[in-house]
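Down below is the structure, laid out as structure tokens.
Source: prediction; values computed, not measured.
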Amino acid sequence: MKIGQRIGKNGVGSTLAVAAMVGLITLSICIPVMGQEQSRESMAVDATASQWSFQFAYEGFYDYNDDSLDTGGIRPPGNKGFLQFRLVAPFAKSESMPLTLLPRLTLRAVENSAGDYGFGSSDLFVLGIINEWATGRWGIGPQINFPAQSSAFGNPKWGFGLAGAVTQRALKDKMYLAFLLQQTWSKKSDGSGDYKSSPLGINAIIVYQLGQGWYIGNGDFVIKYDWDASKFFVPVGVRLGKAFIGDTST
């Protein structure tokens, strides 16, 4: 379960986004794992690990401030949260496959500001692992955003683009760090057939293993950068979760 806050102001959003990125990079450099093999618990929360993963989660939001828009009005209420199912199904590198491929499917039932649920904010991306080292890896691949049930639950248009991720483990495999970028394009709603850039998704992930499969982290709170408005949307939150580890990693 995750409880989050939304920050809409540009100045605050920009500062927090930069701080999150700098902090993640600093932690990755300063506290590496000295070549330790990745644990099954760490793999369970690592969407770039070559391990099947099934995830169920609920994320809830609340607004703690009513900020003003450039038009002079007050920002309207946003979504209240969503129910999420996520599947990671790896295809390991082999003689016939030059890269490890990691398809990640995310399906969500979004609760909008009126309290209604509908399909939205769901995607599929296939990460190709370009390089691995003792404590992490990085990769890039195509992404598809599924159209939401209606505009009340997200973008009702198909989206196509790219996603890239870099991960790092630290503190004797107790801490997992990741930085995920997602950029897609979808058709404009004016009927012209032209495409526009969707907000850039910036997901800086920090997860700490508490033991016996329990973990705490910031989850899927994705920073959004709106290219048209030149503003950041920065959610702040926490996730407490439990991983159930099977007998094998495949």
### Query
What residue pairs, at least two apart or across chains, pass ring-ring contact (aromatic ring centres under 6.0 Å, His included) with a residue in residues 181-206?
none
### Summary
Between the OG atom in Ser96 and the CZ atom in Phe91, the distance rounded to the nearest 0.5 Å is 11.5 Å
### Task
Output all residues satisfying side chain to side chain donor-acceptor pair (under 3.5 Å) with Ser53, sequence neighbours left out; order by chain, then residue number.
none
### Task
Determine whether Val238 and Ile206 fall in the same hydrophobic cluster, where Ile, Leu, Val, Met, Phe, Trp and Tyr are linked whenever their side-chain heavy atoms lie under 4.5 Å apart.
yes
### Query
Taking atom CZ of Arg169 and atom CH2 of Trp133, what is their separation to the nearest 0.5 Å?
10.5 Å
### Query
Which heavy atom of Lys93 sits nearest a heavy atom of Pro98, and at what distance?
CE-O, 3.2 Å
### Task
Answer yes or no: is there a donor N or O on one side and an acceptor on the other, between the side chain of Asn218 and the main chain of Ala204, under 3.5 Å?
yes
### Query
side chain to side chain donor-acceptor pair (under 3.5 Å) with Arg104: which residues, sequence neighbours excluded?
none
### Query
Would Leu162 and Phe179 show up in the same hydrophobic cluster when neighbours are defined by side-chain heavy atoms closer than 4.5 Å?
no
### Message
Working to the nearest 0.5 angstrom, can you tell me the gap between Ser198 OG and Asn145 CG?
### Response
6.5 Å
## Note on the structure
Here the pair of heavy atoms bringing Arg239 nearest to Ala57 is NH2-CB, 3.6 Å
### Task
Just jot down the side chain to side chain contact (heavy atoms under 4.5 Å, CB included) partners of Leu200, sequence neighbours excluded, or say none.
Gln183, Ile202, Tyr225, Trp227
### Query
Do Trp52 and Leu87 come close enough that some side-chain heavy atom pair is under 4.5 Å?
yes
### Query
Listed by chain and number, what are the side chain to side chain donor-acceptor pair (under 3.5 Å) partners of Trp138, not counting sequence neighbours?
none
### Query
Mind checking what makes ring pair (Phe, Tyr, Trp, His ring centres under 6.0 Å) contact with Phe244, not counting sequence neighbours?
none
### Query
From Lys80 NZ over to Asp116 CG, what is the distance, rounded to the nearest 0.5 angstrom?
9.0 Å
### Task
Working to the nearest 0.5 Å, report the span between CD1 of Ile144 and OG of Ser122.
13.0 Å
### By side chain to side chain contact (heavy atoms under 4.5 Å, CB included) - contacts of Tyr208 (at least two apart)
Leu171, Lys174, Met175, Leu210, Ile216
#### Entry: Donor-acceptor pair between Thr106 and Arg86 side chains, under 3.5 angstrom
yes
### Message
If hydrophobic clusters are built from ILVMFWY residues whose side chains come within less than 4.5 Å, do Leu107 and Leu124 share one?
### Response
yes
### Message
With a 3.5 Å distance limit and no angle check, can you tell me whether Thr167 reaches the backbone of Gly136 through a side-chain donor-acceptor pair?
### Response
no
### Query
For the residue pair Phe221 and Pro235, what are the closest heavy atoms and their distance?
CD2-CB, 3.6 Å
### Task
List for me each residue that meets side chain to side chain donor-acceptor pair (under 3.5 Å) alongside Asn112, sequence neighbours excluded, and say none if there are none.
none
#### Entry: Closest heavy-atom pair and its distance - Gly159, Ser186
CA-CB, 4.2 Å
### Query
With side chains defined as the heavy atoms from C-beta onward, is the minimum distance between Phe232 and Ile223 less than 4.5 Å?
yes
### Query
Hey, are the side chains of Lys224 and Val222 touching, using non-hydrogen atoms and a 4.5 Å cut-off?
yes
### Task
Identify the two heavy atoms, one from Ala148 and one from Gly120, that lie closest to each other, and give their separation to 0.1 Å.
CB-CA, 3.8 Å
## Note on the structure
Sequence neighbours excluded, the answer for side chain to side chain contact (heavy atoms under 4.5 Å, CB included) partners of Lys188 is Asp190, Ser192, Asp194, Lys196
### Task
Quick one: closest heavy-atom pair of Ala163 and Gln143, and the distance?
CB-OE1, 3.5 Å
### Message
Once ring-ring contact (aromatic ring centres under 6.0 Å, His included) is applied, what residue pairs with a partner in residues 150-171 remain, sequence neighbours excluded?
### Response
Phe146-Trp158
### Asp123 vs Gln182, side-chain contact (heavy atoms from CB on, under 4.5 Å): CA-CA, chis, key distance, verdict
CA-CA 10 Å; Asp123 60 64; Gln182 297 169 289; 4.2 Å; yes
#### Entry: Transitive ILVMFWY cluster of Leu102, excluding itself - 4.5 Å side-chain cut-off
Phe125, Leu127, Ile129, Leu180
#### Entry: Reported OH-to-CD distance for the pair Tyr176 and Gln168, which is rounded to 0.5 angstrom
10.5 Å
### Query
Taking only residues two or more places apart in sequence, or in another chain, which ones meet Tyr117 in a ring pair (Phe, Tyr, Trp, His ring centres under 6.0 Å)?
none
### Query
So if you build clusters from Ile, Leu, Val, Met, Phe, Trp, Tyr with side-chain heavy-atom gaps below 4.5 Å, do Val126 and Val88 land together?
no
